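Notes follow the structure.
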Amino acid sequence: MEKHKFIAEYELRASPKMLFPYISTASGLSQWFAAKVNMMPEQRFDFQWDNESHFARQVSMRQNKGVRFEFLDTAENGSDNNYIDFRIDQSELTQSTFLRITDYSSTTDEDELKDLWDGLMDKLKEIVGS
């Protein structure tokens with residue numbers, strides 16, 4: 001199955017330190033990203049959407065900078081799993097904080113992905129007061 005990389009960047013009025021727990025912890029992610037998120041042993045997470053579990057492993061994390069979740073068993077050969085990458089950047093000039101999302105999956109409809117992420121970001125902005 002063909003994979004597609006969707007990249008979007010959103011400006012948030014929140015410091016990287018304030019924003020980071022919302023992209024890196026089960027409790028933070030469950031407030032805006034998934035219906036429910038449970039942390040499991042060995043950096044594994046159970047993301048639940050529509051009462052279905054989607055298991056992912058946290059493959060990288062840099063404090064107040066970013067995190068990547070690789071979804072398990074989403075590749076036919078085990079080497080091209082879907083992933084979601086959250087990166088926090090702060091402009092030195094304007095002190096604005098940006099969250100860059102990379103969504104690598106089999107969803108190829110760019111408009112559908114943009115609508116999905118715009119909605120999720122609206123939810124996150126509301127939570128952080130942005």
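Quick caveat, the model's predicted, so the values are computed rather than measured.
Follow the hydrophobic side-chain contacts under 4.5 Å out from I88 and you reach F86 in the same cluster. In terms of hydrophobic clustering, with Ile, Leu, Val, Met, Phe, Trp and Tyr side chains grouped at heavy-atom distances under 4.5 Å, V67 and F55 are assigned to different clusters. Residue M18 is grouped with residue I101 when hydrophobic side chains (ILVMFWY) are merged at heavy-atom distances under 4.5 angstrom, including chains of intermediate members. Hydrophobic clustering keeps L99 apart from Y104 (ILVMFWY residues linked when any side-chain heavy atoms are closer than 4.5 Å, directly or through intermediates). M121 and F20 fall within the same hydrophobic cluster, defined by Ile, Leu, Val, Met, Phe, Trp and Tyr side-chain heavy atoms under 4.5 Å apart, directly or through other members.
In this structure D115 satisfies the salt bridge (charged side-chain N to carboxylate O under 4.0 Å, His left out) test with no other residue, sequence neighbours excluded. Taking the ring pair (Phe, Tyr, Trp, His ring centres under 6.0 Å) definition, one finds that F71 meets it with F47, sequence neighbours left out. With sequence neighbours excluded, no residue forms a ring pair (Phe, Tyr, Trp, His ring centres under 6.0 Å) with Y10.
To the nearest 0.5 Å, atoms CZ (R57) and CD (Q43) are separated by 10.0 Å. Separation of atoms CD (Q48) and OG (S30) is listed at 10.0 Å; rounding is to 0.5 Å.
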Donor-acceptor pairs are to be reported for all side-chain atoms of residues 32-42 against protein atoms at under 3.5 Å, with residues two or more places apart or in another chain.
unit_1 : atom_1 : unit_2 : atom_2 : d
W32    : NE1    : Y22    : O      : 2.7

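Of all heavy-atom pairs spanning A56 and F69, the tightest one is CB-CB, 4.2 Å. In terms of heavy atoms, L72 sits closest to N81 at C-OD1, 4.2 Å. The two atoms that bring Q31 and I127 nearest to each other are O-CD1, 3.4 Å, heavy atoms only.
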Evaluate the side chain to side chain contact (heavy atoms under 4.5 Å, CB included) criterion for residues Q58 and E70: first the C-alpha distance (whole Å), next the side-chain angles of each, then the deciding distance (0.1 Å), finally the verdict. CA-CA 6 Å; Q58 185 183 62; E70 185 177 292; over 6 Å; no
Can you check side chain to side chain contact (heavy atoms under 4.5 Å, CB included) on D80 and K3, steps first, answer last? CA-CA 9 Å; D80 192 30; K3 302 280 178 133; 3.4 Å; yes
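Although no hydrogens or angles enter the test, the distance criterion places a donor-acceptor pair under 3.5 Å between the side chain of T97 and the main chain of A14. Looking only at distances, no side-chain donor or acceptor of T107 sits under 3.5 Å from a matching main-chain atom of D109.
Neither side chain, Y83 nor D103, offers a donor N or O lying under 3.5 Å from an acceptor on the other.
Sorted by first then second residue, the salt bridge (charged side-chain N to carboxylate O under 4.0 Å, His left out) pairs that include residues 4-23, not counting sequence neighbours, are E9-R100. Within the structure, every pair that satisfies the side chain to side chain donor-acceptor pair (under 3.5 Å) test and touches residues 60-69, not counting sequence neighbours, is listed here: R68-D85.
For E92, the CD atom sits in a loose shell: 12 or fewer heavy atoms of surrounding residues, nucleotides or ligands are nearer than 6.0 Å.
Between M61 and S24, the closest side-chain pair of non-hydrogen atoms falls below 4.5 Å. Side-chain contact between L19 and V128: present, with at least one pair of heavy atoms (C-beta onward) separated by less than 4.5 Å. Taking the side chain as every heavy atom from C-beta outward, F98 and Q90 never approach each other to under 4.5 Å.
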